[in-house]
K.L.:
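Mind having a look at this structure? Questions to follow.
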Number of protein chains: 2
Amino acid sequence: MVDKSIPDIVIGRLPIYLRSLTRMMEQGRQVTSSQELGERLGISAAQIRKDLSQFGEFGKQGTGYNIEFLTRKIQEILQVDRVWEVAVVGAGDVGHAVANYGGFQHRGFRITRIFDNDPSKIGTTFNNIKVMDIERMSEEIRKAGIQVAMLTVPAGVAQEVVDILVEAGIKAILNYAPVNLSVPAGVRVQYIDPAVHLQNMTYYLD
Amino acid sequence: MVDKSIPDIVIGRLPIYLRSLTRMMEQGRQVTSSQELGERLGISAAQIRKDLSQFGEFGKQGTGYNIEFLTRKIQEILQVDRVWEVAVVGAGDVGHAVANYGGFQHRGFRITRIFDNDPSKIGTTFNNIKVMDIERMSEEIRKAGIQVAMLTVPAGVAQEVVDILVEAGIKAILNYAPVNLSVPAGVRVQYIDPAVHLQNMTYYLD
DNA sequence: TTGTTTTTGTGCAATCAAACACAAGCGCGG
DNA sequence: CCGCGCTTGTGTTTGATTGCACAAAAACAA
Ligand SMILES: NC(=O)c1ccc[n+]([C@@H]2O[C@H](COP(=O)([O-])OP(=O)(O)OC[C@H]3O[C@@H](n4cnc5c(N)ncnc54)[C@H](O)[C@@H]3O)[C@@H](O)[C@H]2O)c1
Ligand SMILES: NC(=O)c1ccc[n+]([C@@H]2O[C@H](COP(=O)([O-])OP(=O)(O)OC[C@H]3O[C@@H](n4cnc5c(N)ncnc54)[C@H](O)[C@@H]3O)[C@@H](O)[C@H]2O)c1
C-alpha cells in the first residue's frame with residue numbers, strides 16, 4: 001500500500017473517527033464495524049471502509065475492526081502517537097480556556113508556552129505556565145523547535161503576529177481570530193470562529 | 001432565480017465571504033471583485049462568482065461587487081440580518097469566554113441565557129447575564145422561543161443535555177464538547193474541537 | 001466438513017464540485 | 001459616440017467524491 005497523495009477530505013475525517021474510537025475504548029469495547037461507526041457519525045459505512053483502506057487493511061472480514069489496533073493506526077497516520085509542543089499567543093479569555101484545558105495531552109498536544117504583549121499579563125501563571133513577553137516569542141519558539149501554535153489575539157493584530165510565528169518556524173496555526181490569514185506555502189492554518197459556525201446553521205432555520 | 005436546493009457546501013462558504021466583506025467595509029472600501037475576494041480567501045474567483053450567482057445577480061460587469069450591498073444580501077440569505085438569541089449551557093471556562101465575547105452581536109447573535117448545574121455557579125453573573133439553574137432551562141428556552149444554543153459542558157453529559165435542549169425546541173447547536181451528538185432530523189449541530197483541528201494539520205508536518 | 005452469517009476491501013457507476021472559457025455588460029477616456 | 005479594458009454570470013468540461021454491489025475472507029454452528 002503506497003502513499004499516493006491521500007485526499008485532504010479523507011485526512012479531515014480521521015480525527016473524527018479517532019475521537020469516536022477513543023470513546024468506545026473508554027467504554028471497554030473491543031471491536032467495532034464500519035456500520036456501527038458510520039451510524040454514530042452520520043457517515044456511510046462504505047465511505048469509512050474506503051477511507052481506512054487507503055492506508056492499509058486494518059479490518060477483518062466477518063469481525064470488523066479491533067478498536068485498539070485501529071486507534072493506534074490512525075494515531076500513527078496523523079502523527080499524534082507523539083506529543084507536539086504548542087505555543088499559545090494571546091493570554092485573554094480564549095487563551096486562558098485552552099491553557100487550562102486538560103484534554104489536549106492524550107490527543108497529541110501539550111501547551112508549553114504562552115505569549116502576550118500586555119505587561120499586566122506577562123509574568124502571571126496559567127496552569128503552571130508563565131506568560132512570556134511576545135518580544136521573546138521568536139527566540140523561544142525557535143529554540144524549542146515548536147511547530148504548532150494557537151492564535152488567540154484580537155483580529156486586528158492577528159496577521160502581524162502570524163508573520164512573526166511563521167518567521168520563527170511555526171508550521172501549523174489554529175486561528176481563533178475572525179480573520180483570514182495569509183501564510184506562505186508549507187504553513188497550514190485552521191480556523192475556529194463560532195460566529196461562522198452559527199451563521200452556517202441559521203440559513204436552515206425557519 | 002429560483003430557490004432550488006443550494007448545496008450545503010455553498011452555504012458553508014457564505015459566512016467566510018461575509019467575514020471578509022465586513023473587514024473590507026471597516027477599511028472604508030466600496031467595491032471589490034471576485035478576484036480580490038478569491039485571493040484573500042484562497043478560493044478561485046470563478047467559484048465565488050458561481051456561489052453568489054446561485055442567489056441572484058449581485059455584481060456589475062466591469063466594476064465588481066458593491067461591498068455594502070453584497071454584505072446585506074448575504075446577511076439576508078443567511079438570516080443574520082436579525083439577531084438570534086442564544087442560550088449557553090455550561091458556565092465553565094469556555095462558557096465564560098463566549099459569554100464575555102463582544103463579537104457576536106454584529107454578526108447576528110446575542111447570548112441571553114446561561115445555564116449550569118453547579119450551585120456555586122448558579123446566581124453568579126457573566127457579562128450581565130445571571131447564570132441560571134439547568135432545571136429551569138427547558139422552561140426558559142421554550143418561553144423565550146430560543147432556537148440556538150452553545151454547548152460547553154463536559155463531554156460525559158453532553159448528550160443528556162442535548163436531549164433536553166432538543167425537547168425544549170432548540171434547532172441549532174454549536175457543540176464544544178468532544179463527542180458526536182445524536183439529534184433528530186431538523187436539528188443542526190456544528191462542532192468545535194480544537195484537538196480535531198490540530199490533528200488535521202499534524203498529518204502534514206514532517 | 002459444510003453451510004450460513006457477517007463484514008471487509010474494492011471496481012465501477014453515479015453524483016457532486018471545481019475549473020475553464022467566453023459572450024455580454026459596464027465604465028471610461030478620448 | 002466609439003473602442004478598450006475589466007469583470008460578471010454561466011454553459012461546458014474536467015475532476016473529485018460518494019454510493020453501490022459483490023467476491024472473498026472469517027467465524028461459527030451443526
Ligand atoms: N472569547 C470568545 O469566545 C471568542 C469567540 C470568537 C472569537 N474570539 C476571538 O479570539 C481572539 C481572542 O479572544 P479573547 O476573548 O480571548 O480576547 P481577549 O481580549 O480576552 O484576549 C486577547 C489577548 O491578546 C493580547 N494581545 C493583544 N495584542 C497582542 C499582541 N500584539 N501580541 C500578543 N498579545 C496580544 C491581549 O493582551 C489579550 O490578553 C479574538 O480575536 C477574538 O475575536 C473569541
Ligand atoms: N477549555 C477549552 O479550551 C476546551 C477545549 C476543547 C474542548 N473543550 C470542551 O468544552 C467543554 C467545556 O470546557 P470547559 O473548559 O469550559 O470546562 P469546565 O469544566 O470549565 O466547564 C464545564 C461547565 O459545565 C458545567 N456542567 C457540568 N455538568 C453539567 C450539567 N449536567 N448541566 C449543566 N452544566 C453542567 C460545570 O458546572 C462547569 O461549569 C468540555 O466538553 C470540554 O471538553 C474545552
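Chain identifiers are assigned alphabetically (A, B, ...) following the order of the sequence lines, protein sequences preceding nucleic acid strands; residue numbering begins at 1 within each chain.
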K.L.:
A:Tyr65 side chain N/O closer than 4.0 Å to the phosphate oxygens (OP1, OP2) of D:dA26?
P.N.:
no
K.L.:
Bend angle of the helix from C:dT1-D:dA30 to C:dG30-D:dC1 from five-pair axes at both ends, rounded to 10°?
P.N.:
10°
K.L.:
Any luck finding a side-chain donor-acceptor pair between B:His197 and B:Asp193 under 3.5 Å?
P.N.:
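Looking only at side-chain atoms, B:Asp193 and B:His197 do not form any donor-acceptor pair under 3.5 Å.
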K.L.:
Would you say B:Met137 and B:Met132 make side-chain contact, with heavy atoms under 4.5 Å?
P.N.:
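In short, these two side chains do not touch, never coming nearer than 4.5 Å.
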K.L.:
Given atom CD of A:Glu57 and atom P of C:dT7, what is their separation to the nearest angstrom?
P.N.:
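To the nearest whole Å, that distance equals 18 Å.
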K.L.:
Taking only N and O in the side chain of A:Ser44, is any of them less than 4.0 Å away from OP1 or OP2 of D:dT18?
P.N.:
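Result: no.
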K.L.:
Evaluate A:Gln79 against B:Thr202 for side-chain hydrogen bond (donor to acceptor under 3.5 Å, both in side chains), listing each step before the verdict.
P.N.:
CA-CA 6 Å; A:Gln79 298 195 275; B:Thr202 49; over 6 Å; no
K.L.:
For DNA chain D, determine which residues of residues 14-38 of chain B have any heavy atom closer than 4.0 angstrom to one of its atoms, and list them numerically.
P.N.:
B:Ser33, B:Ser34
K.L.:
Taking atom C1' of D:dC20 as reference, at what distance in whole Å does atom CD1 of A:Ile48 sit?
P.N.:
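So the two atoms are 16 Å apart, to the nearest Å.
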K.L.:
When you measure from the centre of the six-membered ring of A:Tyr17, is the NZ or CZ of A:Arg40 closer than 6.0 Å and no more than 45° off the axis?
P.N.:
no
K.L.:
To the nearest Å, give me how far apart CG (B:Asp51) and C1' (D:dT10) are.
P.N.:
13 Å
K.L.:
Could you check whether B:Ile9 gets within reach of a base, just the sugar-phosphate, or nothing at all, counting any heavy atom under 4.0 Å?
P.N.:
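If one applies the 4.0 Å heavy-atom cut-off, B:Ile9 turns out to touch the sugar-phosphate alone, with no base involved.
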K.L.:
Inspect the contact between B:Arg23 and B:Glu26 and indicate whether a charged nitrogen and a carboxylate oxygen are less than 4.0 angstrom apart.
P.N.:
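Salt bridge between B:Glu26 and B:Arg23, a charged N being under 4.0 Å from a carboxylate O: yes.
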K.L.:
Does a side-chain N-to-carboxylate-O contact under 4.0 Å join B:Lys73 and B:Glu57?
P.N.:
no
K.L.:
Whole angstroms only, please: what is the CD1-C1' distance between A:Ile6 and D:dT18?
P.N.:
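Between C1' of D:dT18 and CD1 of A:Ile6: 16 Å.
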K.L.:
C:dA23 P sits how many Å from B:Arg49 CZ, rounded?
P.N.:
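Value for this atom pair: 15 Å.
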K.L.:
Round to a whole Å and report the spacing from CD1 of A:Ile67 to C1' of C:dT8.
P.N.:
16 Å
K.L.:
Report the distance from atom CD of B:Gln47 to atom C1' of D:dA16, rounded to the nearest whole Å.
P.N.:
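Going from B:Gln47 (CD) to D:dA16 (C1'), I get 13 Å.
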K.L.:
Step by step, work out the salt bridge (charged side-chain N to carboxylate O under 4.0 Å, His left out) result for B:Arg142 and B:Glu139.
P.N.:
CA-CA 5 Å; B:Arg142 202 187 309 273; B:Glu139 181 200 344; over 6 Å; no
K.L.:
Do B:Phe58 and B:Phe55 have ring centres separated by under 6.0 Å?
P.N.:
no
K.L.:
Is there a donor in the side chain of A:Asp51 and an acceptor in the side chain of A:Gln47, or the other way round, less than 3.5 Å apart?
P.N.:
no
K.L.:
Can a side chain N or O of B:Arg13 be found less than 4.0 Å away from OP1 or OP2 on C:dA18?
P.N.:
yes
K.L.:
Distance only, no hydrogens: is a donor on one side chain within 3.5 Å (strictly under) of an acceptor on the other, for B:Asp8 and A:Tyr204?
P.N.:
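Result is yes, a qualifying pair exists.
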K.L.:
Working to the nearest 0.5 angstrom, can you tell me the gap between B:Phe126 CZ and B:Lys121 NZ?
P.N.:
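Rounded to the nearest 0.5 Å, the CZ-NZ separation comes out at 6.5 Å.
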K.L.:
Taking the basic N atoms (NZ, or NE/NH1/NH2) and the acidic carboxylate oxygens, is any pair closer than 4.0 Å for A:Arg29 and A:Glu36?
P.N.:
yes
K.L.:
Counting side-chain heavy atoms from C-beta on, which of C:dG9, D:dG9, C:dG11 comes nearest to A:Lys50?
P.N.:
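Closest nucleotide to the A:Lys50 side chain: C:dG11.
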K.L.:
Produce a footprint string for nucleotides 25-30 of chain C: one letter per nucleotide, 5' end first; B if the base is under 4.0 Å from any protein heavy atom, S if only the sugar-phosphate is, - if neither.
P.N.:
BBS---
K.L.:
Nearest whole Å is fine: how far is C:dT8 P from A:Leu52 CG?
P.N.:
9 Å
K.L.:
I want to verify a distance call: between D:dT10, C:dA18, C:dT10, whose nearest atom is closest to the B:Ser53 side chain?
P.N.:
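Ranking D:dT10, C:dA18, C:dT10 by closest atom to the B:Ser53 side chain puts D:dT10 first.
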